Engineer: 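Please find one structure pasted underneath; my questions will follow.
None of these values were measured; they are calculated from a predicted model. Side chains included, hydrogens not; waters and symmetry mates left out as well; all remaining heavy atoms used. Convention: sequence-line order gives letters A, B, ...; per-chain numbering from 1.
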Amino acid sequence: MKLEAQNAPHTESELIEKAMQIAGLNLTQLAEIAGVSVPENLTRDKGWTGQLLEWHLGATAGSKPVPDFEFLGIELKTIPVDRNGQPLETTYVCVAPLTGCSGQTWMTSPVRIKLNRVLWIPVLAERDIPVAQRLIGYPILWSPNPEQDAALQADWEELMDMIVLGKVNQITAKTGEYLQIRPKAANSRVKTTGIGESGELIETLPRGFYLKKNFTKQILNMI
DNA sequence: GCATGATCATTA
DNA sequence: TAATGATCATGC
């Protein structure tokens, strides 16, 4: 999908307004407006919905490591939900640093910065609904409350401790209550540098931070 | 390889 | 059947 950027929103209310305007539309309607075709399935187009929404809302960052709405400091996340508004998938946050992170703190961590302010766009996307018929839901502009921030911090610190102490290969998706670390790579043969059990550098699978469904569920149900 | 956007598909 | 581990596309 090749899309030239639309006009970026100048204010938060302008962004919300745009998001409200596309709520209730299906992906066929959005694709027509954008001038792209709808894929049969998302197997080879896993980021398609997200990129389509970025276009409609005028996100500017592209593949740069900055918020989608840089000027507003807002990150855009589409989230697949079932008919009851419950999340169907975990939510990718950012890459998990595996080296050079011994002095990092939660307050300045990429995870916290990414999640500081997020515009969530639910998409009714049960697997048996054809991509073309999936519906856009109402937007939720969210920032973590103190309890959520503390919960994420606890998981983040547990996970980062393991990375720093050379236990990256002992981390599984079960580690962490709300924040987890899972592979984030083209395939399982991809390697990056990490810290081994004796403090040496090792080759290991690149990982990313993800929000578990039990966390995003809270956000979606807080409306 | 890493950063963007995530969902797929096998396993437990 | 939900969750974990694996995977897909794209740009630089």
Side-chain angles (χ1 to χ4, degrees), chain A residues 1-5 27 30-31 34 36-70 74-84 86-101 109-111 113-115 118-132 134 136 155 159 168-194 201-217:
Chain A
M1 178 166 54
K2 48 174 176 11
L3 289 174
E4 297 299 326
L27 296 185
L30 290 191
V36 298
S37 54
V38 182
E40 276 300 305
N41 58 66
L42 299 182
T43 305
R44 295 190 175 279
D45 296 277
K46 295 181 181 179
W48 185 81
T49 310
Q51 291 170 351
L52 185 62
L53 269 293
E54 283 185 346
W55 181 85
H56 276 274
L57 298 177
T60 51
S63 64
K64 291 178 291 181
V66 297
D68 295 296
F69 303 98
E70 195 171 2
I74 296 176
E75 177 75 14
L76 175 66
K77 287 288 179 194
T78 60
I79 183 165
V81 299
D82 66 17
R83 69 190 71 235
N84 299 127
Q86 304 306 311
L88 288 168
E89 291 286 352
T90 56
T91 300
Y92 173 67
V93 180
C94 62
V95 168
L98 301 183
T99 58
C101 45
S109 71
V111 173
I113 292 170
K114 274 271 184 187
L115 299 179
V118 179
L119 183 65
W120 298 92
I121 311 281
V123 178
L124 179 55
E126 289 180 0
R127 291 227 188 164
D128 56 7
I129 302 175
V131 177
R134 296 182 181 180
I136 307 299
D155 285 342
L159 291 162
V168 64
N169 289 329
Q170 294 172 39
I171 295 175
T172 75
K174 297 183 186 67
T175 313
E177 190 175 358
Y178 300 109
L179 188 69
Q180 64 181 182
I181 283 180
R182 305 217 308 280
K184 173 65 173 174
N187 57 64
S188 59
R189 284 139 290 175
V190 174
K191 298 296 179 193
T192 191
T193 306
L201 295 181
I202 60 170
E203 293 295 293
T204 189
L205 189 58
R207 328 285 169 107
F209 284 107
Y210 296 79
L211 294 176
K212 292 188 179 184
K213 288 192 278 186
N214 59 3
F215 189 84
T216 50
K217 185 174 182 170

Engineer: Nearest 0.5 Å please: distance from the CD atom of A:Glu203 over to the OG1 atom of A:Thr193.
Structural biologist: 4.5 Å
Engineer: Checking A:Lys77 side chain against A:Tyr92 main chain: does a donor-acceptor pair fall under 3.5 Å?
Structural biologist: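 Flag set: sc A:Lys77 to bb A:Tyr92 pair under 3.5 Å.
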Engineer: For the pair made of CD in A:Gln180 and P in C:dA2, what is the distance, rounded to whole Å?
Structural biologist: 16 Å
Engineer: Over how many whole Å does the gap from A:Leu52 atom CG to C:dA9 atom P extend?
Structural biologist: 19 Å
Engineer: With sugar-phosphate meaning primed atoms plus P, OP1 and OP2, does A:Gln86 contact a base, only sugar-phosphate, or nothing at under 4.0 Å between heavy atoms?
Structural biologist: nothing
Engineer: Indicate yes or no: at least one non-hydrogen side-chain atom of A:Leu211 is less than 4.5 angstrom from one of A:Tyr178.
Structural biologist: no
Engineer: Using C1' atoms of five pairs at each end, report the bend of the helix from B:dG1-C:dC12 to B:dA12-C:dT1 rounded to 10 degrees.
Structural biologist: 30°
Engineer: For residues A:Glu75 and A:Leu119, determine if any side-chain heavy atom of one lies less than 4.5 Å from a side-chain heavy atom of the other.
Structural biologist: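 No, side chains not in contact.
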Engineer: With A:Glu177, which residues qualify under side chain to side chain donor-acceptor pair (under 3.5 Å), at least two apart?
Structural biologist: none
Engineer: Closer than 3.5 angstrom, by distance alone: can the side chain of A:Glu126 be matched with the main-chain N or O of A:Arg83 as a donor-acceptor pair?
Structural biologist: yes
Engineer: Give a yes or no answer on whether the side chain of A:Asp82 reaches the backbone of A:Asn84 with a donor-acceptor pair at less than 3.5 Å.
Structural biologist: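 Yes, because the side chain of A:Asp82 sits within donor-acceptor range (under 3.5 Å) of the backbone of A:Asn84.
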Engineer: Check the distance between B:dT4's P and A:Glu70's CD and give it to me in whole angstrom.
Structural biologist: 12 Å
Engineer: Atom CG of A:Asp68 to atom C1' of B:dA3: distance rounded to whole Å?
Structural biologist: 12 Å
Engineer: Name the pairs: protein N/O against N/O of nucleotides 6-8 of chain B, kept only if under 3.5 Å.
Structural biologist:
{"unit_1": "B:dA6", "atom_1": "OP1", "unit_2": "A:Thr78", "atom_2": "N", "d": "3.1"}
{"unit_1": "B:dA6", "atom_1": "OP1", "unit_2": "A:Thr78", "atom_2": "OG1", "d": "2.8"}
{"unit_1": "B:dA6", "atom_1": "N6", "unit_2": "A:Tyr210", "atom_2": "OH", "d": "2.7"}
{"unit_1": "B:dT7", "atom_1": "O2", "unit_2": "A:Lys46", "atom_2": "NZ", "d": "3.2"}
{"unit_1": "B:dT7", "atom_1": "O4", "unit_2": "A:Arg182", "atom_2": "NH2", "d": "3.3"}
{"unit_1": "B:dC8", "atom_1": "OP2", "unit_2": "A:Arg127", "atom_2": "NE", "d": "3.2"}
{"unit_1": "B:dC8", "atom_1": "O4'", "unit_2": "A:Lys46", "atom_2": "NZ", "d": "3.3"}
{"unit_1": "B:dC8", "atom_1": "N4", "unit_2": "A:Glu89", "atom_2": "OE1", "d": "3.2"}

Engineer: Starting from P on C:dT4, measure out to CG on A:Leu211 and report it in whole angstrom.
Structural biologist: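 After rounding, the gap between these two atoms is 13 Å.
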Engineer: Can any side-chain N or O of A:Asp45 pair as donor or acceptor with the backbone N or O of A:Pro39 at less than 3.5 Å?
Structural biologist: no
Engineer: Could you tell me which residues satisfy side chain to side chain donor-acceptor pair (under 3.5 Å) with A:Glu40, sequence neighbours excluded, listed by chain and number?
Structural biologist: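 Testing A:Glu40 for side chain to side chain donor-acceptor pair (under 3.5 Å), a comparison that skips the adjacent residues, returns none.
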Engineer: Between A:Glu40 (CD) and C:dA9 (C1'), how many Å, whole number?
Structural biologist: 18 Å
Engineer: Of the residues in residues 172-179 of chain A, which ones touch DNA chain C at a heavy-atom distance under 4.0 Å?
Structural biologist: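 Under 4.0 Å from DNA chain C: A:Thr172, A:Ala173, A:Lys174.
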Engineer: Grab the NZ-P distance between A:Lys114 and B:dC2 for me, whole Å please.
Structural biologist: 16 Å
Engineer: CH2 of A:Trp120 versus C1' of B:dG5: gap in Å, rounded?
Structural biologist: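 After rounding, the gap between these two atoms is 14 Å.
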Engineer: Sequence neighbours left out, what passes side chain to side chain donor-acceptor pair (under 3.5 Å) with A:Asn169? Give chain and number order.
Structural biologist: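 With neighbours one apart ignored, the set is A:Thr204, A:Arg207.
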Engineer: Taking side chain to side chain contact (heavy atoms under 4.5 Å, CB included) as the criterion, tell me which of A:Thr91, A:Thr90, A:Thr216, A:Val93 meets it with A:Tyr210.
Structural biologist: A:Thr90
Engineer: Reading DNA chain C from 5' onward, which residue's closest nucleotide shows up sooner: A:Lys212 or A:Asn187?
Structural biologist: A:Lys212
